[in-house]
Undergrad: 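Got a structure here, written out as structure tokens. Questions coming.
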Amino acid sequence: MNHKMKMAVLLFLAVFSMVLSIWGPEALAKYQDKGTLNEIHVEDVGEAGVGYRYKLNMNEKLYILSRCLSSRTLPGSEQGSAARDRTAVLNDGEAGIYQEPEGSYAFVANYRSPSDKEITDDQVYETCNRALSALKEAGILPEEVREVAASAYDATLYSAIDVLEPRNNIAVWKLSISNSQKNANKENRLMDAYIGAEDGKLYEFYVRTPLLWEDIDTKMIVEEWSRYMGLDMPSPYESDNPLLETTPYFHKYVFPGIGDEKTVVTVGFYEGINELFLKIER
């Protein structure tokens with residue numbers, strides 16, 4: 001090949017390379033678009049719209065439920081009668097009716113159906129009986145406490161929500177002896193309880209027992225309940241104020257909450273009706 005032909009070939013290759021660099025990417029893009037435009041393509045990308053889900057630990061759940069229960073407001077007449085019922089043993093201590101919550105914590109009736117991770121209204125009684133058995137085995141409740149049945153109790157699903165941080169929420173079932181049982185024998189009966197809708201744990205309870213105050217070891221009860229719940233061990237609540245409760249028979253304990261916040265748990269006793277309670281309301 002002579003010199004002139006070599007120069008012509010090199011010139012052609014240079015021009016071709018220049019044209020390819022200018023028009024090549026656009027032509028390739030158009031070719032790729034033909035395979036994607038105006039056609040439906042399906043791609044498995046997992047569960048859309050779920051995003052990050054924050055999972056609360058037991059101490060955090062306890063704190064949120066405590067704040068939500070403490071933020072409830074009872075109508076004046078109901079609040080007065082509820083206190084009288086517990087302390088003066090009038091009407092066997094029936095519970096009041098809740099109004100709209102106040103503050104940044106809401107405790108509201110949940111009228112939706114339970115999710116697939118939550119206990120249903122058909123399952124809540126069996127779940128409660130398992131929880132009662134666990135508390136009996138731990139020595140928290142005496143064996144005389146009777147099982148619950150749907151015919152004698154009312155169950156309502158509630159949501160406890162931190163309004164400022166809605167991801168901080170917990171669903172609970174409130175189980176209460178039915179108003180239709182007003183004149184029934186309430187000895188050794190569970191009166192009220194809050195049961196976790198996902199974990200089935202008894203967060204709070206009021207129960208009639210044959211025990212007297214001198215028979216009750218509150219320190220043992222709160223420590224065994226802590227183990228049952230999966231909580232950190234509590235510390236005694238440092239206060240000598242006898243007016244913290246409507247009964248003189250109680251001891252209070254403190255659990256870690258969220259951040260630097262604490263949850264106060266009270267183990268107490270209503271004399272006359274022999275009602276042992278563990279509550280997380282302030």
Side-chain angles (χ1 to χ4, degrees), residues 47 49-73 98 100-110 112 114-120 123-124 127-128 130-132 134-135 138 140 155-175 192-206 218-219 221-239 244 250-268 277-282:
E47 192 174 354
V50 172
Y52 174 73
R53 290 184 176 178
Y54 179 72
K55 187 173 181 180
L56 299 168
N57 62 38
M58 291 303 295
N59 283 79
E60 292 169 333
K61 289 181 180 180
L62 188 73
Y63 174 76
I64 291 168
L65 182 57
S66 169
R67 290 299 304 268
C68 290
L69 291 177
S70 299
S71 72
R72 297 171 307 171
T73 303
Y98 306 144
E100 289 299 314
E102 296 181 345
S104 60
Y105 289 86
F107 187 70
V108 293
N110 197 332
R112 64 167 174 79
S115 70
D116 56 357
K117 294 182 179 180
E118 294 173 348
I119 300 162
T120 67
Q123 298 169 331
V124 67
T127 301
C128 182
R130 286 199 299 268
L132 290 175
L135 296 191
I140 297 171
T156 306
L157 182 62
Y158 285 90
S159 289
I161 306 167
D162 180 349
V163 177
L164 301 181
E165 285 285 348
R167 68 175 185 171
N168 295 341
N169 66 85
I170 174 176
V172 293
W173 283 98
K174 183 177 189 297
L175 206 64
D192 294 288
Y194 286 105
I195 303 168
E198 289 191 10
D199 53 43
K201 298 289 188 180
L202 271 175
Y203 284 75
E204 180 173 303
F205 60 82
Y206 292 78
T218 61
K219 185 174 184 292
I221 287 176
V222 77
E223 289 181 352
E224 289 298 327
W225 179 77
S226 302
R227 294 186 182 94
Y228 156 77
M229 292 290 292
L231 297 163
D232 297 336
M233 283 291 108
S235 303
Y237 184 78
E238 300 299 337
S239 176
L244 290 174
F250 69 90
H251 287 117
K252 290 181 177 287
Y253 301 87
V254 179
F255 288 83
I258 295 179
D260 295 330
E261 300 296 331
K262 306 292 183 182
T263 304
V264 177
V265 173
T266 306
V267 180
F277 66 85
L278 184 149
K279 71 172 188 174
I280 61 175
E281 306 168 54
R282 292 183 182 272

Undergrad: Side chain of S66, backbone of L62: donor and acceptor closer than 3.5 Å?
TA: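 Side chain of S66 to backbone of L62: no pair is present.
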Undergrad: Looking at CG of D199 and CD1 of I170, how far apart are the two atoms once the value is rounded to the nearest 0.5 Å?
TA: 6.0 Å
Undergrad: Looking at every heavy atom in both G230 and M58, which two are closest together, and how far apart are they?
TA: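 So the minimum-distance heavy-atom pair works out to O-CB, 3.8 Å.
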Undergrad: Does some side-chain heavy atom of Y63 sit less than 4.5 Å from a side-chain heavy atom of D162?
TA: no
Undergrad: For the backbone of A138 and the side chain of W225, can you confirm whether one donor and one acceptor N or O come within less than 3.5 Å of each other?
TA: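 Checking the backbone N and O of A138 against the side chain of W225, no donor-acceptor pair under 3.5 Å is found.
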Undergrad: Minimum heavy-atom separation for V254 to P236, with atom names?
TA: CG2-O, 4.4 Å
Undergrad: Is there a donor-acceptor contact under 3.5 Å from the side chain of N168 to the main chain of P166?
TA: no
Undergrad: Walk me through it: do L56 and N169 pass the test side-chain contact (heavy atoms from CB on, under 4.5 Å)?
TA: CA-CA 8 Å; L56 299 168; N169 66 85; 5.9 Å; no
Undergrad: Side chains of T218 and Y253: do they bring a donor and an acceptor to under 3.5 Å?
TA: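 Result is yes, a qualifying pair exists.
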Undergrad: Are K61 and Y203 packed together at the side-chain level, in the sense that at least one heavy-atom pair is separated by less than 4.5 angstrom?
TA: yes
Undergrad: Between atom CG of L231 and atom CD of E223, what is the distance when rounded to the nearest 0.5 Å?
TA: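 Spacing of CG (L231) from CD (E223) equals 12.5 Å.
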Undergrad: Please round to the nearest 0.5 Å and tell me the distance separating atom OG1 of T263 and atom CG of D232.
TA: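 The OG1 atom of T263 sits 10.5 Å away from the CG atom of D232.
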Undergrad: Just how far is it from atom OH of Y206 to atom OH of Y194, taken to the nearest 0.5 Å?
TA: 8.5 Å
Undergrad: When you measure from the side chain of E261 to the backbone N and O of I258, does any donor-acceptor pair fall under 3.5 Å?
TA: no
Undergrad: Taking the side chain as everything from C-beta on, heavy atoms only, tell me whether R67 gets closer than 4.5 Å to I64.
TA: no
Undergrad: Do you know the tightest heavy-atom contact between N110 and S159?
TA: ND2-OG, 2.7 Å
Undergrad: For a 4.5 angstrom cut-off between non-hydrogen side-chain atoms, does F107 reach V172?
TA: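 F107 vs V172: side chains touch.
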Undergrad: Between W173 and V124, is there a donor-acceptor pair closer than 3.5 Å when you use the side chain of the first and the backbone of the second?
TA: no
Undergrad: Return the CE to CD1 distance between M229 and I280, rounded to the nearest 0.5 Å.
TA: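 That separation rounds to 7.5 Å.
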Undergrad: Is K201 positioned over the aromatic face of Y228, cation under 6.0 angstrom from the ring centre and no more than 45 degrees off axis?
TA: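 Judged by the rule, K201 and Y228 form a cation-pi pair.
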Undergrad: Closest approach of G200 and A131, non-hydrogen atoms and distance?
TA: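 In this case the closest contact between G200 and A131 is O-CB, 4.0 Å.
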Undergrad: Give the minimum heavy-atom separation between S226 and M233, together with the two atoms involved.
TA: CB-CE, 3.3 Å
Undergrad: Backbone N or O of P256 within a donor-acceptor pair of the N59 side chain at under 3.5 Å?
TA: yes
Undergrad: So, do L69 and Y105 sit near enough that their side-chain heavy atoms are less than 4.5 Å apart?
TA: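 Counting from C-beta outward, L69 and Y105 never come under 4.5 Å.
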Undergrad: Hey, could you give me the CD/CG distance between E224 and L135, rounded to the nearest 0.5 Å?
TA: 10.0 Å
